[in-house]
Every structure is written in C-alpha cells, then in structure tokens.
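Numbering of ligands and ligand atoms starts at 1, following listing order. Hydrogens, waters and symmetry mates are skipped; everything else that's a heavy atom, side chains included, is used. Since we're looking at a predicted model, the values are computed, not measured. The residues of the chain are indexed from 1 along the displayed sequence.
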Amino acid sequence: MTNAPAPQVSIVIPVYNESDGLQALFDRLYPALDALGRPYEIVFVDDGSRDDSLRRLRDQHQRRPDVTRVVVLNGNFGQHMAIFAGFERSRGQYVVTLDADLQNPPEEIARLLDCMDRGHDYVGTIRLQRQDTLFRRVASRAMNRVRERITRIRMTDQGCMLRAYDRRIIDTLNQSHEMNTFIPALAYLYARHPIEIEVRHEERAVGESKYSLFDLIRLNFDLMTGFSIVPLRVFSLLGMVLALLSGALVAVLLFRRLVIGSEAEGVFTLFAIAFCLIGVLLLGVGILGEYVGRIYQQVRDRPRYLVQAVLESEPAPSGGDARTAPPGPPA
Ligand code: UDP
Ligand code: MG
C-alpha cells in the first residue's frame, strides 16, 4: 500500500459520533502503545460521524502523523463494515480491534500481543464484570447460548470487540466480500490456534451506545444467518412433526365421526391451536426472509462501503480507487 516498512502492530478503531470521548481515548491509547516498544500504527475509521469526531481525528493525525492514519467513510456503514475498511488499510503483522468509547481499556492490548507472540493467531476476550445495562447482559448471555448450539463457533463472549488477529487471518478476511457479517465469528473460522483471555471492561465514559435495540437484533441475525442454517432446518423438522400430528388427528376425527357421529365442541381449542400454528408459520417465514434478504443484498454486489479519503503521511497508493469493494457492475 505504502512504501514505508510495515509496523508490527495495527490498531483498528471504528468511530461513529464519539467526539466527546476521543480526547480521553487518545490520552490513554497513545501512551499505552508507546510503552509497548513495538512499531505500531493506529487506523481510525470515521464511519460517517455527524458530530466533529472527524475534526478531532484530523487534529490527532496532525499531532502524530507517524503512527496515525484516518480512513474516512462516505456515510454510516456500521461498525463491522468500518472495521473491514480499517483492515484493508492496515499493514501490521498483528491487528487489534478496539472500540472508540474506552469500554475496552487500551492497557490490555499488551496482554493480547503477548498471546500472539506465543504463537496464537487469534486472541478473543471475555469481559470481566461487563459494564453494560442489565438487559444487554441478559440478552447477550441468551444469544451466546443459542449461537453455541447452532454454529461451530466457540466464543465465550461474542460481543467484546477487543481482539487480536494475525495478518494471515486479516488477509483472508479482506478477501471475503460479505455484506452482513460478524467479524469475530468470521475470523474464528480461519483461526488455527485461537485463545481467549479475560479483560477488564469499563463503563462508557461519555455518550451513549450507538446500537439501538433494532440494531442489536439485526446484528444477532447476522451472526445466526451468517454462520448457520440450523434455524431453517428447525422449521423443516417442525413442519414434518406437525404434518404427522395433524395427519393422526384427521384419522382420529374421521374414525370418531364414523363411529360416534359428528362433533362441534372444542371450537375455541381449535382456534387456539390454529393461531399458535399461524404464529409459528409467521416466525418461519420471517426467518426465511432474513436469509433471503441477505442473499438479495449479497447478489446485488454493491460496494459495501465507500472510502471518501484516507489521511496518511505517506503518499497514497497509485491508481487510487475510492471504491474498496470488489469491482462489479454499478448498482
Ligand atoms: N460504531 C461505528 N458505526 C456504527 C456504530 C458504532 O463505527 O454504526 C463504533 C462506535 O463508535 C464504537 C464501536 O463501534 O467505537 C462500538 O459501538 P458502541 O460502543 O455504541 O457499542 P456497544 O459498546 O454499546 O456494543
Ligand atoms: Mg461501547
């Protein structure tokens, strides 16, 4: 990408409307990284912030041009797409992702890198005393459990984004052109020696979570549909069982009618059963829709995100094409 020698460590940080917290992040992140004694770079990705996050990132780039790069996206493409954009511009042998809100203490990065030195190619994390709302903690535990059941991915704490990946995994991720995905899970598929360590977790210093309830549901559907088709299979099995049961019911009723005579009782029970089945049916159609919708997005093959500018001290790559996504017909 650039002619300068690649640093050992790249830190990739997605930033979306984090203006008030950025200075605190810089104040802790840079000293923590300087203390590592390893050559590093920080790739901030501005995910279409509407506050003055971008100005602060620019200022920081001016202050530390040697180690700071800023990828500016053209709009809000979501945390995972922003991280992908950062991955594509990262050069380090080890790549660490981190949230911009200081919920992941930058001082923990050293421990992740130690694990990488010991030969692991993926370091996952488990948040000790997670500092999020009760609802988030309970829902997340439930989703972790479902995901354990229906995918091959073994992660104790899927939500923590403080993670380290080896260059080989990053290069593989950069080849994937998935629109809706979940980076820690995708990386796990390619990891040979993954490990999990416990890290501290802090309360969001300023601002609010950028994830609404709807975003969280969508993200979990990304994880389910992206890594498993068990939900679809469950509905085929359920369909089979229900078909058998109702076949039996028809036989019983037919027999009854011939032997005892017709029956008109139990109408409400019948309604209850019918409504319950309609609910199951709608759920099944909905889940099918989640898959189909994602297939539709994928086959349109639009660029996943648009890079507006990259602030870096070295000259930009020649033939600079802002469209980072795979070349395809204009959507
Ligand atoms: N983020 C982003 N784009 C988005 C939403 C979030 O780049 O559309 C970034 C955000 O700035 C932060 C990280 O992703 O650095 C995690 O977001 P947040 O703290 O809101 O999520 P939570 O900790 O509540 O899961
Ligand atoms: Mg957060």
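- Residues R137 and D132 are not paired through a salt bridge, judged by the lack of any N-O separation under 4.0 Å between the basic side chain and the carboxylate.
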If you look at each N/O of ligand 1, which protein N/O atoms lie under 3.5 Å away, and at what distance?
| unit_1 | atom_1 | unit_2 | atom_2 | d |
| --- | --- | --- | --- | --- |
| ligand 1 | 3 (N) | D47 | OD2 | 2.6 |
| ligand 1 | 3 (N) | Q79 | N | 3.4 |
| ligand 1 | 8 (O) | D47 | OD2 | 3.4 |
| ligand 1 | 8 (O) | N76 | ND2 | 3.1 |
| ligand 1 | 11 (O) | Y16 | N | 2.9 |
| ligand 1 | 11 (O) | E18 | OE2 | 2.7 |
| ligand 1 | 15 (O) | P14 | O | 2.8 |
| ligand 1 | 15 (O) | A100 | N | 2.8 |
| ligand 1 | 19 (O) | D101 | OD2 | 2.6 |
| ligand 1 | 19 (O) | R204 | NH2 | 3.0 |
| ligand 1 | 20 (O) | R204 | NH2 | 3.3 |
| ligand 1 | 20 (O) | K210 | N | 2.5 |
| ligand 1 | 23 (O) | Q103 | OE1 | 2.8 |
| ligand 1 | 24 (O) | R136 | NH1 | 3.2 |
| ligand 1 | 24 (O) | S209 | OG | 2.5 |
| ligand 1 | 25 (O) | R136 | NH2 | 2.7 |

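- Here CD of E18 is found 8.0 Å from CG of D51. Values are rounded to the nearest 0.5 Å.
- Residues V146 and M224 have side chains in contact (heavy-atom distance under 4.5 Å, counting atoms from C-beta outward).
- A cation-pi arrangement is absent between R168 and Y190 under the rule of less than 6.0 angstrom and at most 45 degrees off the ring axis.
- Here Q103 meets the criterion, with an N, O or S atom under 2.8 Å of the Mg ion (ligand 2).
- For D101, the nearest N, O or S atom to the Mg ion (ligand 2) falls under 2.8 Å.
- By the salt bridge (Lys or Arg N to Asp or Glu O under 4.0 Å) test, D166 pairs with no residue at all, sequence neighbours left out.
- With a 6.0 Å cutoff to the six-membered ring centre and a 45° limit on the axis angle, R300 counts as a cation-pi contact of Y296.
- Ionic pairing of D157 and R127 is present here: one or more N-O contacts between side-chain nitrogen and carboxylate oxygen are shorter than 4.0 angstrom.
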